[in-house]
Peer 1: 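Take this structure, written in structure tokens, and hold onto it; I'll ask about it next.
Numbers here are sequence positions counted from 1. Values in this document were obtained by computation on a predicted structure and should not be read as measured data.
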Amino acid sequence: MTTSDAPQVPRMRAVSQDAAGGPEVLGLITTDRPVPGPTEVLVKVHAAGVNPADWKIRARGAFAGGVTPPFVLGFDVSGVVEEVGAGVTVLQPGDAVHGMPRFPHPASAYAEYVTAPARHFARLPEGLDHIQGAALPLAALTAWQALVDTADVRPGQRVLVHAAAGGVGHLAVQIAKARGAHVIGTAREAKHDFLRSLGADELVDYTRQDFAEVLSDVDVVLDPIGGEYGARSLRTLRPGGTLVAILPPDDTFPAEEARAAGVRAVFMLVEPDRAGLEAIGDLVASGRLRVRVDAVVPLAEAARAHELGETNRVTGKIVLSVAD
């Protein structure tokens, strides 16, 4: 068999980086299309969500476990199942799905195709398009696992969500509200009307007021900011309350202070979660949860999406449009 007669490996576009650095290290490449292994599916990606984890990994040039460039970023995927590997029974070709596969290990979502375990995906909720579907998984699962699985938010509790207009925050406001909580959010005043439309009961403009001075008797705090926010948040909690941090703890994490104050302070890392995605989908279908997409950027302009995200002024999520 000559080289020209050999089977051609299907190719695809992806956004890759060869080194750590700023958004300029991201570039469009052509590479081999992945092949699904046992229990995996091949998904034709229609849209990919952009998250703070993406630009942090890009900047330091490493994933969890020490995976270094070259690599393809991205965790949030929405698309259509193209092939299924051996043993897959929960999905079939043609199913519209979304998910956050493999997190915190590489999922390579900034590409036209991805492979991942079938059970890391859920069917796309009815009425949701792929842009919205790609905006949901990582942020919504973070909020769900923090508030429901970790803090067990119950009706009547007071829940404080920091960065309430952000990707995780605006979904956390709605999830807490759906659980029957009294929801308090911190955000700039310009975003208060948006948050009220999502069900927030109280809002604090952190640029004008110290939330730790004006809030008290809080049962649960969700902190996506870290740093000194954790220690200050302890002052708002009632005895027995819970602080859930979603950034890896550093020297400022107030574990000892929490124990001394009779409250709980925990760090939570989101995990792929088909059941959680399905529960989130039920909230979407019932009209109790909607995702805000701030910007849609073509795959080839992923660097621009990172530049926008790193301004820390995004309301909701940024999504890459992948399919033509």
Peer 1: On a heavy-atom basis, which atom in Val244 and which in Met268 lie closest, and how many Å separate them?
Peer 2: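 Answer, listing the atom of Val244 first, then Met268: CG1-CB, 4.0 Å.
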
Peer 1: Between Phe63 and Pro106, is there a side-chain heavy-atom distance shorter than 4.5 Å?
Peer 2: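 Heavy-atom side-chain distance check passes, below 4.5 Å.
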
Peer 1: Measuring from His98:NE2 to Leu138:CG, what's the distance to the nearest 0.5 Å?
Peer 2: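 Answer for the NE2-CG pair, His98 versus Leu138, is 12.5 Å.
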
Peer 1: Any luck finding a side-chain donor-acceptor pair between Ser78 and His130 under 3.5 Å?
Peer 2: yes

Peer 1: Closer than 3.5 angstrom, by distance alone: can the side chain of Glu83 be matched with the main-chain N or O of Val35 as a donor-acceptor pair?
Peer 2: no

Peer 1: Hey, does Val45 have a side-chain heavy atom less than 4.5 Å from the side chain of Glu112?
Peer 2: no

Peer 1: List the steps, then state whether side-chain contact (heavy atoms from CB on, under 4.5 Å) holds for Val80 with His46.
Peer 2: CA-CA 8 Å; Val80 176; His46 285 237; 3.7 Å; yes

Peer 1: Can you see which heavy atom on Glu202 is nearest to which on His182, and at what distance?
Peer 2: OE2-NE2, 2.8 Å

Peer 1: If I take atom CZ from residue Arg259 and atom CG from residue Leu234, how far apart are they, to the nearest 0.5 angstrom?
Peer 2: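 With rounding to 0.5 Å, CZ (Arg259) is 11.5 Å from CG (Leu234).
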
Peer 1: Tell me the closest heavy-atom pair linking Leu277 and Leu141, and the distance in Å.
Peer 2: N-CD2, 3.7 Å

Peer 1: Please check if Val159 and Ile280 belong to a single hydrophobic cluster, counting links between Ile, Leu, Val, Met, Phe, Trp and Tyr side chain heavy atoms closer than 4.5 Å.
Peer 2: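 Linked within one cluster.
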
Peer 1: Do Val81 and Gln92 come close enough that some side-chain heavy atom pair is under 4.5 Å?
Peer 2: no

Peer 1: Given the rule in the side-chain contact (heavy atoms from CB on, under 4.5 Å) test, do Val284 and Leu136 qualify, once you have shown the distances and angles that lead to the verdict?
Peer 2: CA-CA 10 Å; Val284 172; Leu136 267 176; 4.0 Å; yes

Peer 1: Answer yes or no: is there a side-chain heavy-atom contact under 4.5 Å between Phe75 and Val270?
Peer 2: no

Peer 1: Roughly how far, to the nearest 0.5 Å, is CG of Leu171 from OG1 of Thr142?
Peer 2: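 Rounded to the nearest 0.5 Å, the OG1-CG separation comes out at 9.5 Å.
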
Peer 1: Listed by chain and number, what are the salt bridge (charged side-chain N to carboxylate O under 4.0 Å, His left out) partners of Arg304, not counting sequence neighbours?
Peer 2: Glu301

Peer 1: Can you check whether Leu42's main-chain N or O pairs, donor with acceptor, with Glu82's side chain at less than 3.5 Å?
Peer 2: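 Checked: no pair found.
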
Peer 1: Test of understanding: clusters of I, L, V, M, F, W, Y form through side-chain heavy atoms closer than 4.5 Å, transitively. Do Val221 and Ile246 belong to the same one?
Peer 2: no

Peer 1: Is it true that Lys177 and Asp201 have a side-chain N and a carboxylate O under 4.0 angstrom from each other?
Peer 2: yes

Peer 1: Decide side-chain contact (heavy atoms from CB on, under 4.5 Å) for Val50 and Tyr110; before the verdict, give the C-alpha distance in whole Å, the side-chain angles of both, and the deciding distance to 0.1 Å.
Peer 2: CA-CA 9 Å; Val50 177; Tyr110 292 10; 3.7 Å; yes

Peer 1: Would you check, one step at a time, whether the test side-chain contact (heavy atoms from CB on, under 4.5 Å) holds for Trp144 with Leu283?
Peer 2: CA-CA 11 Å; Trp144 180 270; Leu283 290 181; 4.0 Å; yes

Peer 1: Can you hop from Phe211 to Val173 via hydrophobic side chains spaced under 4.5 Å?
Peer 2: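 Different hydrophobic clusters.
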
Peer 1: Treating Asp223 as the side-chain partner and Gly226 as the backbone partner, does any N or O pair qualify as donor plus acceptor under 3.5 Å?
Peer 2: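 Yes, Asp223 side chain to Gly226 backbone: donor-acceptor pair under 3.5 Å.
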
Peer 1: Could you tell me whether the side chain of Ser321 and the main chain of Ala47 form a donor-acceptor pair under 3.5 Å?
Peer 2: no

Peer 1: Work out which heavy atom in Pro272 is nearest to a heavy atom in Arg102; give both atom names and the distance.
Peer 2: CG-N, 3.9 Å

Peer 1: Answer with yes or no whether the hydrophobic clustering places Leu147 together with Ile225; edges join I, L, V, M, F, W, Y residues whose side-chain heavy atoms lie under 4.5 Å apart.
Peer 2: no

Peer 1: Tell me whether the centres of the aromatic rings in Phe253 and Phe267 are closer together than 6.0 Å.
Peer 2: no

Peer 1: Distance-only, no hydrogens or angles: does the Arg33 side chain make a donor-acceptor pair with backbone N or O of Pro10 under 3.5 Å?
Peer 2: no

Peer 1: Among Asp149, Asp152, Asp219, whose salt bridge (Lys or Arg N to Asp or Glu O under 4.0 Å) with Arg179 holds?
Peer 2: Asp152

Peer 1: How long is the span from the NZ atom in Lys191 to the OG atom in Ser197, to the nearest 0.5 Å?
Peer 2: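 The OG atom of Ser197 is 13.0 Å from NZ of Lys191, to the nearest 0.5 Å.
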
Peer 1: Decide if atom CD of Glu126 counts as having more than 12 heavy atoms of other residues, nucleotides or ligands within a radius under 6.0 Å.
Peer 2: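 Incorrect, the count does not exceed 12.
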
Peer 1: Without swapping roles, check the side chain of His192 against the backbone of Ala187 for a donor-acceptor pair under 3.5 Å.
Peer 2: yes

Peer 1: Give, for atom CZ of Phe103 and atom CD of Glu271, the distance between the pair rounded to the nearest 0.5 Å.
Peer 2: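 Between Phe103 CZ and Glu271 CD, I get 10.0 Å after rounding to 0.5 Å.
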
Peer 1: Are the side chain of Asp129 and the backbone N or O of Ile131 linked by a donor-acceptor pair below 3.5 Å?
Peer 2: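 Between the backbone of Ile131 and the side chain of Asp129 there is a qualifying donor-acceptor contact (under 3.5 Å).
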
Peer 1: Assess the side chains of Thr315 and Arg188: does a donor N or O sit below 3.5 Å from an acceptor N or O?
Peer 2: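 No.
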
Peer 1: Determine the minimum heavy-atom distance between Thr236 and Ala212, stating which atoms define it.
Peer 2: CG2-CA, 3.9 Å

Peer 1: Going by atom types alone, do Thr186 and His162 pair a side-chain donor with an acceptor below 3.5 Å?
Peer 2: yes

Peer 1: Less than 4.5 Å apart, any side-chain heavy atom of Pro23 and any of Glu310?
Peer 2: yes

Peer 1: So, for Val220 and Gln157, which heavy atoms are closest and what is the spacing to 0.1 Å?
Peer 2: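 Here Val220 and Gln157 meet closest at CG2-OE1, 4.3 Å.
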
Peer 1: Kindly indicate, with the supporting measurements, whether the criterion salt bridge (Lys or Arg N to Asp or Glu O under 4.0 Å) is fulfilled by Asp294 and Lys317.
Peer 2: CA-CA 5 Å; Asp294 192 282; Lys317 293 295 298 293; over 6 Å; no

Peer 1: Where the side chain of Gln132 meets the backbone of Val291, is there a donor-acceptor pair that is under 3.5 Å apart?
Peer 2: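 No; zero donor-acceptor contacts below 3.5 Å.
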
Peer 1: Tell me, do Ile175 and Leu289 make a side-chain contact under 4.5 Å, heavy atoms counted?
Peer 2: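 Yes - at least one pair of side-chain heavy atoms lies under 4.5 Å apart.
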
Peer 1: Between Glu213 and Arg235, does any NZ, NE, NH1 or NH2 come within less than 4.0 Å of an OD or OE carboxylate oxygen?
Peer 2: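 Yes, this pair counts.
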
Peer 1: For Arg119, look at atom CZ and say whether over 12 heavy atoms of other residues, nucleotides or ligands are found less than 6.0 Å away.
Peer 2: no

Peer 1: If we only count heavy atoms from C-beta on, is the Arg264 to Thr150 side-chain gap below 4.5 Å?
Peer 2: yes

Peer 1: Tell me whether Leu222 shares a hydrophobic cluster with Leu237, the cluster being built from Ile, Leu, Val, Met, Phe, Trp, Tyr side chains joined at under 4.5 Å.
Peer 2: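 Unlinked, Leu222 and Leu237 end up in two clusters.
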
Peer 1: Is it the case that the side chain of Gln209 and the backbone of Val214 share a donor-acceptor pair, with hydrogens and angles ignored and the cut-off at 3.5 Å?
Peer 2: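 Checked: no pair found.
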
Peer 1: To the nearest 0.5 Å, what is the distance between CD1 on Ile57 and CG on Leu73?
Peer 2: 6.5 Å

Peer 1: Any donor and acceptor pair, going by atom type alone, linking the side chain of Arg60 with main-chain N or O of Ala62 inside 3.5 Å?
Peer 2: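 Yes: the side chain of Arg60 pairs with the backbone of Ala62.
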
Peer 1: Is there side-chain contact between Val263 and Leu243, with heavy atoms separated by less than 4.5 Å?
Peer 2: no

